[in-house]
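Predicted, not measured: the structure shown is a model, and the values here were computed from it. Numbers restart at 1 for each chain; the letters A, B, ... are given by sequence-line order, proteins then strands.
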Protein chains: 2
Amino acid sequence: MARKTGSHADITGPRLRSAARALFARHGYAAVSMRQIAAEVGVQAGALYLYTTDKQTLLFDLMKEHLDDLLTALAAQVCPADPSARLAAFARFHVGYHLDRPAEVFIAYMELRNLTPENFAAIERLRHRYEDALQAILAEGVAAGVFRLPDPRLATMALIAMLTGASQWYREGGRLPREKVAEIYAEMALRAVGA
Amino acid sequence: MARKTGSHADITGPRLRSAARALFARHGYAAVSMRQIAAEVGVQAGALYLYTTDKQTLLFDLMKEHLDDLLTALAAQVCPADPSARLAAFARFHVGYHLDRPAEVFIAYMELRNLTPENFAAIERLRHRYEDALQAILAEGVAAGVFRLPDPRLATMALIAMLTGASQWYREGGRLPREKVAEIYAEMALRAVGA
DNA sequence: GAGTGATCTGAACGCCCGTTCAGTTCAAGG
DNA sequence: CCTTGAACTGAACGGGCGTTCAGATCACTC
């Protein structure tokens, strides 16, 4: 028996990705089986292979989609001229974007080692492009004399780690609203670079 | 055939832990099999069960040992009276300790979700004790009027994420020596809290 | 209303998993 | 020299894994 009512291709596909995203984030790529994902979708395991070539590609596509969206959203941001204002805007954007997507963030940061070497290289390239955007802001600030940084590259890594960390403890409906969280992080980022 | 020369109990035990630590850090707990660990030790899989009750306990013991050592080392630190000096000392200690133990850090931060609920609770308790040590420093600094922080708890999480992140990009023999790295991070931490 | 093709099932493939255990080996103690 | 027991092997257990595929189903087209 198959296909209860109407066509499901445009429903099952997104549902597969959605179920995989949630399960990978909760239990980890290696600990989740295709049969578990299929059960979540409400389908037999074999049917998943109509929508993904294999489990590895499923993971890669989720991570690539996340980073593509992140870079697109960053590019869409308005970009103030003042380095301090740019850094504050970046920090607010980064925290806000990551608080909205805890599952994607978890996967993107935890499952890198489960990618094949080629897939890993592709993801790292995208991640590096994002880091470079922040590093460019810091370099401008240093050139303008408003930031005091012994090492812009190190500062880039430090700030990204700090800002991304927000999604590890933030819980919806907690003590602080997300705008306030983003605001405090932006303030700490500005101070950390000596602005 | 077994036991080529002499007694191996006091050798195989530590070798098991060491191999498990390295493999878990590189590939992840769920992706590593007991047979892989056994091969690294140079033994059949069954022999591992003379030294650990099961795979889960092996993971838990590694994480607990790491956090116990971390708390012990923190307690052994000299503790300056001035809040700024204390924060700087904490930051230098944290970065240095984590740079020396990349495998343990990786496991402690990535494999929490592979712990059983009881084991997870035990590890979280230890981790919280460590976070509280930092939060106490921040609270003192705020009380003394030398730190400006809208939210000490948030600042604690932000600083720990920033400092721990060092072990994600630092490579032995890289551009910066570890003392310099710890120094820069300590400076950023001080500035981030408005010291 | 017959035929088509997208969609899915259910069974199978070979393989690896964590764990157990009877049996083997061998350094050391009496 | 014999016995003991720690240390380990090698095979087995039941089960789950990712993936494939022939066949069933059924909304749709003509």
Think B:T12 has a side-chain N or O under 4.0 angstrom from the OP1 or OP2 of D:dC8? yes

Which nucleotide in the list C:dG18, D:dG18, C:dT9 gets nearest to the side chain of A:K55? D:dG18

Looking only at C:dG10, D:dC8, C:dT19, the nucleotide nearest the B:A45 side chain is C:dT19

Which nucleotide in the set D:dC8, D:dT19, C:dT7 lies at the smallest distance from any side-chain heavy atom of B:L50? D:dC8

Name all residues meeting the side chain to side chain contact (heavy atoms under 4.5 Å, CB included) criterion together with B:K64; count only those two or more places apart in sequence or in a different chain, and write none if there are none. B:F60, B:D68, B:I123, B:L126

Integer-rounded Å distance: D:dT9 P and B:Q44 CD: 5 Å

When the distance from CG of A:L48 to P of D:dG18 is rounded to whole Å, what number comes out? 10 Å

Side chain to side chain contact (heavy atoms under 4.5 Å, CB included) involving B:A73 - partner list, sequence neighbours excluded: B:F93, B:Y97

Under the rule for side chain to side chain contact (heavy atoms under 4.5 Å, CB included), what residues qualify as partners of A:E118, not counting sequence neighbours? A:T116

Tell me which donor-acceptor pairs under 3.5 Å the side chains of residues 182-193 of chain A have, and how far apart each pair is, sequence neighbours excluded?
{"from": "A:E183", "atom 1": "OE1", "to": "A:R92", "atom 2": "NH1", "distance (Å)": "3.1"}
{"from": "A:Y185", "atom 1": "OH", "to": "A:W169", "atom 2": "NE1", "distance (Å)": "2.9"}
{"from": "A:E187", "atom 1": "OE2", "to": "A:R191", "atom 2": "NH2", "distance (Å)": "3.4"}
{"from": "A:R191", "atom 1": "NH2", "to": "B:R148", "atom 2": "O", "distance (Å)": "2.6"}

Electrostatic pair B:E131-B:R153, nearest N-O below 4.0 angstrom: yes

Per the under-4.0 Å heavy-atom filter, residues of residues 23-38 of chain A near DNA chain D come out as A:V32, A:S33, A:M34, A:R35, A:Q36

Please tell me which of the listed nucleotides, D:dT19, C:dT9, C:dT20, lies nearest to the side chain of B:Y49? C:dT20

Applying side chain to side chain contact (heavy atoms under 4.5 Å, CB included) to A:R26 and not counting sequence neighbours gives none

Could you check how far CD1 of A:I11 sits from C1' of D:dA27, rounded to whole Å? 14 Å

What is the distance, to the nearest angstrom, from the CZ atom on A:R15 to the P atom on C:dT7? 15 Å

